[in-house]
There are 2 protein chains.
Amino acid sequence: MLRFSRKADYGILLVADIAHSMDESPKGVSAASLAKKYSLSKSFTANILKDLSRGGILFSTRGKGGGYFLSKAPDEISLHDVVDVLDGGVKMTHCTPSGSFTSAEHDADADSGDCCEISETCPVRSPLQRVHRGIQHYLESQTFENFYDGSLGKDPFQVREALEIV
Amino acid sequence: MLRFSRKADYGILLVADIAHSMDESPKGVSAASLAKKYSLSKSFTANILKDLSRGGILFSTRGKGGGYFLSKAPDEISLHDVVDVLDGGVKMTHCTPSGSFTSAEHDADADSGDCCEISETCPVRSPLQRVHRGIQHYLESQTFENFYDGSLGKDPFQVREALEIV
DNA sequence: TTAATCCGCACTAAATTAGTGCCATATTCT
DNA sequence: AGAATATGGCACTAATTTAGTGCGGATTAA
Ligand code: SF4
Ligand code: SF4
C-alpha cells in the first residue's frame with residue numbers, strides 16, 4: 001500500500017501545529033503538550049520531534065519553558081522534507097538513486113543507486129524515473145504555509161461538508 | 001520509505017512489456033517467457049501476472065500457445081490501476097477512506113475508513129486528503145501508452161545521456 | 001496423450017514499521 | 001544548591017508488511 005508511515009503522517013501534523021502555534025505566539029512547543037493535545041503516546045511523539053530536530057526541520061531549547069520551533073519559515077518547509085527525514089525519502093522504484101540528500105540514518109542502501117539487477121536493460125526505468133520525479137516535485141511543492149486547517153474543531157460537520165469529505 | 005513495492009514495480013514492467021508485445025503481434029505472452037526475458041523468478045512472475053489477471057488488467061488463455069493479453073487499450077490502463085491491484089491501492093494517510101474500488105484481497109481494513117483516532121479534530125486531515133488525491137490523480141494520468149522505452153537495449157550510454165539520467 | 005500454460009492456495013523468511021523506555025544533559029526557577 | 005521541566009541519544013522488542021516459493025489441479029493445443 002502506497003502511504004506515508006505513521007511517523008511521517010504524525011510528523012506532518014506536528015510540524016503543522018508548531019507552524020500554527022508560532023504564528024500566534026513565538027513560544028516553543030513541548031513534546032508533552034503536543035502528545036496531550038493529540039492523544040498520542042509521549043515517547044512516540046518525542047521520538048518524532050527529536051528526528052525532525054536532528055533533520056534540521058525544527059530546532060529546540062531545553063529546560064523549563066523550552067520546546068520546539070520551526071527552523072525555517074513555513075513556506076520553506078515541504079512535505080518532502082518531512083518524509084525525507086522521517087521516512088527515508090522518496091524512492092519510487094528500487095533503482096532510484098539516492099535523491100536530494102536523504103538524511104543519514106536510512107542511508108544503509110547507498111550502494112551506488114541501483115539495487116535492481118535488470119536496470120541496464122529495463123524498458124520502464126526512465127519512464128518510472130519521470131514518475132518518481134513527478135511525485136517528488138509534487139511533495140516539494142506542498143509547504144506548511146496554510147497547511148493547518150484552523151477551522152476544524154469548531155463545527156466538524158459543517159467543515160467536512162464544505163470540504164466535500166462527507 | 002515512500003516507494004512502489006517490488007511487486008508493483010515489476011508489475012508495471014510486465015504490463016508495459018505485454019502492451020509493447022501486443023503492439024507487434026497479437027499473440028499472448030507467457031509467464032515463463034517474461035521471467036526469462038527479465039531474469040526474474042518464474043514463480044514470482046507468475047504470481048504477479050495472476051494477480052493482474054484477477055484484478056482485471058490482463059486476461060489469459062490457457063494451454064499450449066496461451067498466455068496473457070491486455071484486457072484494455074494501453075491508454076486505458078494507468079499506473080494507479082496496477083498499484084491498486086498489486087499493492088492494495090494508494091492511501092497516503094491512515095484515515096484515507098478506501099478509494100476507487102481497491103480490489104479485494106487487501107481490503108482487510110475496510111472498517112469505514114478512519115483508522116486514526118484523532119481524525120475528527122485533526123487539523124491536517126483535509127490538506128493531506130488533498131495531497132492524497134493529487135498523487136492518486138497523478139498516477140491515474142500515467143498510462144501505458146508509450147510507457148515502454150524501446151530505445152533501451154540499443155546503446156545504454158547514449159540513451160541515458162539523452163534522458164539526463166547520467 | 002503429452003506438453004504447455006494458467007489457477008488457487010498455503011506457506012516461510014526477510015525487512016520494515018511501530019512503538020517503548022531509560023538515563024544523560026541542559027535550562028530555569030526558587 | 002536543588003528541584004522541576006525539557007530535550008538528546010541510544011537500544012530494544014513486537015507487530016505488520018513485503019518478498020518470495022511451491023505444489024497439485026484445471027485447461028487447452030498439437
Ligand atoms: S530497473 Fe526497472 S524494474 Fe528494476 S527497479 Fe528500476 S524500474 Fe523497476
Ligand atoms: S487524522 Fe490526521 S493524523 Fe490521523 S491519519 Fe488522518 S491526517 Fe494523519
Side-chain angles (χ1 to χ4, degrees), chain A residues 1-11 14 18 27-36 39-69 71 83 86-89 91 94 104-109 115-117, chain B residues 1-11 14 18 27-36 39-55 58-69 71 83 86-89 91 94 104-109 115-117:
Chain A
M1 183 122 63
L2 194 62
R3 52 156 68 167
F4 294 130
S5 69
R6 272 187 199 274
K7 242 177 150 177
D9 191 336
Y10 292 146
L14 298 175
I18 294 169
K27 307 232 0 164
V29 186
S30 76
S33 68
L34 285 166
K36 191 175 182 185
S39 312
L40 302 175
S41 132
K42 190 183 167 183
S43 47
F44 198 30
T45 310
N47 254 339
I48 293 171
L49 291 166
K50 272 180 285 189
D51 286 348
L52 289 168
S53 187
R54 269 199 281 199
I57 292 173
L58 304 178
F59 78 88
S60 59
T61 60
R62 297 200 215 186
K64 193 169 185 177
Y68 291 95
F69 305 78
S71 57
V83 168
L86 255 21
D87 232 352
K91 296 199 191 110
H94 293 258
E105 323 263 339
H106 305 89
D107 248 348
D109 68 317
C115 304
C116 181
E117 297 182 344
Chain B
M1 184 124 60
L2 193 62
R3 51 155 68 168
F4 294 129
S5 69
R6 272 187 198 274
K7 242 178 149 176
D9 191 335
Y10 292 146
L14 297 174
I18 293 170
K27 308 234 355 165
V29 185
S30 75
S33 68
L34 285 166
K36 191 174 180 186
S39 313
L40 302 174
S41 132
K42 188 182 171 184
S43 47
F44 197 30
T45 310
N47 255 337
I48 293 171
L49 292 166
K50 272 180 286 188
D51 287 347
L52 289 169
S53 186
R54 271 200 278 198
L58 304 178
F59 79 87
S60 58
T61 60
R62 297 200 216 185
K64 193 168 185 177
Y68 291 96
F69 305 79
S71 56
V83 168
L86 255 22
D87 233 352
K91 296 198 191 112
H94 293 257
E105 321 263 342
H106 305 88
D107 250 347
D109 67 317
C115 303
C116 181
E117 296 182 345

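Keep in mind that the numbers below use all heavy atoms, side chains included, and drop hydrogens, waters and symmetry copies. In what follows, chains are A, B, ... by sequence order, proteins preceding strands, each numbered from 1.
If you take CZ of A:Phe4 and P of D:dT16, they are 22 Å apart, rounded to a whole angstrom. What separates CG of A:Leu58 from P of D:dA6 is a distance of 17 Å, to the nearest Å. The distance from atom CD1 of A:Ile48 to atom C1' of D:dC10 is 17 Å, rounded to the nearest whole Å. Straight-line distance from the OH atom of B:Tyr10 to the P atom of D:dT18: 16 Å, rounded to whole Å. Rounded to whole Å, the distance from CZ on B:Phe44 to P on C:dA14 is 15 Å. Distance CG (B:Leu86) to P (D:dT17): 17 Å, rounded to an integer number of Å. If you take CE of A:Met1 and P of C:dA18, they are 11 Å apart, rounded to a whole angstrom. Note: CG (B:Asp87) to C1' (C:dT16) measures 14 Å, nearest angstrom.
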Please enumerate all protein N or O atoms sitting under 3.5 Å from an N or O of nucleotides 5-8 of chain C, with distances to 0.1 Å.
unit_1	atom_1	unit_2	atom_2	d
C:dT5	O4'	B:Gly63	O	3.4
C:dC6	OP1	B:Ala31	N	2.9
C:dC6	O3'	B:Ser60	OG	3.0
C:dC7	OP1	B:Ser60	OG	2.8
C:dC7	OP2	B:Tyr68	OH	3.1
C:dG8	N7	B:Lys50	NZ	3.3
C:dG8	O6	B:Lys50	NZ	3.1

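Residues meeting the side-chain contact (heavy atoms from CB on, under 4.5 Å) test with B:Ser71, sequence neighbours left out: B:Phe59.
Within the model, atoms NE2 of B:His94 and CD of B:Glu117 stand 13.5 Å from one another, a figure rounded to the nearest 0.5 Å.
Smallest separation of non-hydrogen atoms from B:Arg3 and A:Leu2: O-CD1, 3.4 Å. Minimum interatomic distance between B:Thr45 and B:Ala35 (heavy atoms only, all atoms of both residues): OG1-CB, 3.6 Å. Shortest non-hydrogen contact noted between B:Lys7 and B:Leu86 is O-CD2, 3.5 Å.
A donor-acceptor pair is defined here as one N or O able to donate and one able to accept, closer than 3.5 Å; such a pair exists between the side chain of A:Asp87 and the backbone of A:Ser5.
Closest-nucleotide positions on DNA chain D for A:Ala46 and B:Arg6 were compared, and the one nearer the 5' end corresponds to A:Ala46.
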